[in-house]
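Below: one structure, written as C-alpha cells.
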Protein chains: 2
Amino acid sequence: MRLESTLTGTANPAPPPHTPTPRPGGRSARVRADVVAATLAEVTEKGYDGLTVEAVAARSGVHKATLYRRWGGVDGLVADALTASADQPWPLPDTGDLQQDLRRITQEVFDVFTDPELGPTPTALISAAQRSDAGAAALHDFFATRHRQVAEVAERAVTRGELPVGTDGAEVVRAATAPLYYRLFVSGEPLDARTAERAADAAALAARAGLFTSVPEAPDHP
Amino acid sequence: MRLESTLTGTANPAPPPHTPTPRPGGRSARVRADVVAATLAEVTEKGYDGLTVEAVAARSGVHKATLYRRWGGVDGLVADALTASADQPWPLPDTGDLQQDLRRITQEVFDVFTDPELGPTPTALISAAQRSDAGAAALHDFFATRHRQVAEVAERAVTRGELPVGTDGAEVVRAATAPLYYRLFVSGEPLDARTAERAADAAALAARAGLFTSVPEAPDHP
DNA sequence: ATCGTAATGCGACATGAGTCGCATTACGAG
DNA sequence: CTCGTAATGCGACTCATGTCGCATTACGAT
C-alpha cells in the first residue's frame, strides 16, 4: 500500500480514475519485485545516466509498455526502487554516549558510500532520484523515514539527561550527516573518515549546547 | 581560457587534438555569451528536465549542430553556464564576530534560494549539474571557488584570535552551509530561516571548540 | 469449474535527440 | 586588401525513446 502511494501520488498524469488496489496479489506483486530488482541492478551497473526502460524491461522480463504504464518511465522506476529500499532498517548504535553514537552513525554512512561493493547502488539511486519530481518525493520520504528512525539516538540522550528536553532528534541527525551528503551529492568533494568524525562531534557539541531544541510545529512539505 | 578548460577538460571524448585557443575573440565569444544566457533562461523556465538543446539553439539563434560540437550536449551547456556563474562574487560580511558573519552567510544562501525571483535559476542549475559528470565537475569547481572565497570570514576570525590557529576556514564554511544544501538538494525538506541560523551557530560553536583545525601532519594547503 | 475484468504482452507507430557531410561566413595574419 | 582556415550554418539522416490499439493471459469471485 505504501508502495502504491508513491507511484500513484507522484508519476502518471494520464490515468486519473484508478481503483486503489484492485488486484494486489499474485502476478502484479511478482512483476513489481522483478522490476525493482532489475532497476537496482541496472542503476548500479550503468549509473543513473545509462538507466534505460528497455534495459530494465529486458532484464526483468517485463514488457516495455507495462513499465511505462505502471511506472511512467525511468523516474517512477527509480522512485519505486527507492521506496522499496527505505523499508530496510538501519543499524542503530547504543553506546550510552551521544557523541559515540553519532560517530558510529556517520561512520556507517561513510562506510556504505565509500565501499566499492556497497556504495555504487545507493549513490546511483540517490543521484537518480534527484532528477525527477517523483524521485525527489521518494527521496524526501526516504530521508524522513531515516531521520525518524535514527532520531532515537538523540532521544535516548535526552532521556539520559545528556541533552536538554525539547531537543529535536531529527535535527541532530541532520546536523551530523549533512556534511557527508553535502560532499557526496552537492559539492562533489571526496569523503574521508575524519570528516565523518568531525561532523558527528560538531553535531554532538551543538546538541549539548541546546541549539537543536525544536519549535512546537513540525512542518512537512511534498 | 578558464571557460575553455571546463569544456575541453570534461565533456567531449571525441575531438582530441584541438588547438587551445585559436580564435577566442569576436564571434565565438558572442556565440558563447548568447548560449550561456539562453541556457540560463531555459533551465529557469523549463527546469532541468525540460532543458533541450534545440530550445537553447532556437533561443540563442545558434545552430543545433554548433551547440553539439562546442558543448557536446545539455551536460556541457549546464556546465558552462555554471562555470560562467562562478565568476560572480559573493558578498562577504565582516561584522567583527564569527557567529554573526556565518549567520549572514547562511541567511544569504537562504534568501537566494527561497526568493521566488532569484531562487529558481541557481536551484535548477545545481540540480541540472548533478546529472552529468561534466556538470558535477563544474559544480565541484564552483563550490571550491566559493569555499575559498568565503573561508576568509573564518580566517579573519583566526586573526582576531577568535578561532584557534590552524583552523580550516573552508571546513567552517562547509559546516555552516551543508545543512542548507542538504535540505535543498538531498532530503528535499523545506528551508526556513531558523535552520539557517542554527546551522551558522552550530558551525561557529564547533569552530571555536577547535574541531576544524587541520591535522599538523598535512602541510598541504589547497 | 467458469466467467468477467484488470493486467500484461505485443508490435507498429510518432517524435525528438543526436550525427554527418558539405556550403558559407567571419576571424586573423600577411 | 587578400587569402587561408577555423567556426558556424544548414539540412538530411539514423536511431532510441515513448505511445497507442489490440490480443492474450491470469487473477479473483461466483
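So you know, we letter chains A, B, ... as the sequences are listed, proteins then strands, and number each from 1. Just so you know, these numbers use all the heavy atoms, side chains as well, and skip hydrogens, waters and symmetry mates.
Rounded to whole Å, the distance from CH2 on B:Trp71 to P on D:dA7 is 12 Å. Atom CZ of A:Arg32 and atom P of C:dA7 are 15 Å apart (whole Å). Here D:dG18 presents its C1' atom at 12 Å from CG of A:Leu67, a figure rounded to the nearest Å. D:dT17 atom P lies 14 Å from atom CG of A:Asp75, rounded to whole Å. Distance, B:Lys46 NZ to C:dA17 P: 10 Å, rounded to whole Å.
Comparing A:Ala65 and B:His63, the nucleotide of DNA chain D nearest to each residue sits closer to the 5' end for B:His63.
Side-chain N/O atoms of B:Thr52 include one lying less than 4.0 angstrom from OP1 or OP2 on C:dA17. One finds a side-chain N or O of B:Arg70 lying less than 4.0 angstrom from the OP1 or OP2 phosphate oxygen of D:dT8. Between B:Tyr68 and C:dG18 there is a side-chain polar atom (N or O) within less than 4.0 angstrom of OP1 or OP2. When the side-chain nitrogen and oxygen atoms of B:Arg69 are compared with OP1 and OP2 of D:dT8, none of them lie within a distance under 4.0 Å.
Below 30°, between 30° and 60°, or above 60°: for B:Phe185 and B:Tyr181 the angle between ring planes is below 30°, a parallel geometry.
For B:Lys64 against C:dG18, a side-chain-to-base donor-acceptor contact under 3.5 Å is present.
Contact annotation: the side chain of B:Lys64 never approaches that of B:Val56 to less than 4.5 Å [non-hydrogen atoms, C-beta and beyond]. Counting only heavy atoms from C-beta outward, the side chains of B:Glu152 and B:Glu155 approach each other to under 4.5 Å.
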Task: CA sep, side-chain torsions, deciding dist, call: A:Leu92, A:Val150, side chain to side chain contact (heavy atoms under 4.5 Å, CB included) - done: CA-CA 7 Å; A:Leu92 274 190; A:Val150 185; 4.2 Å; yes
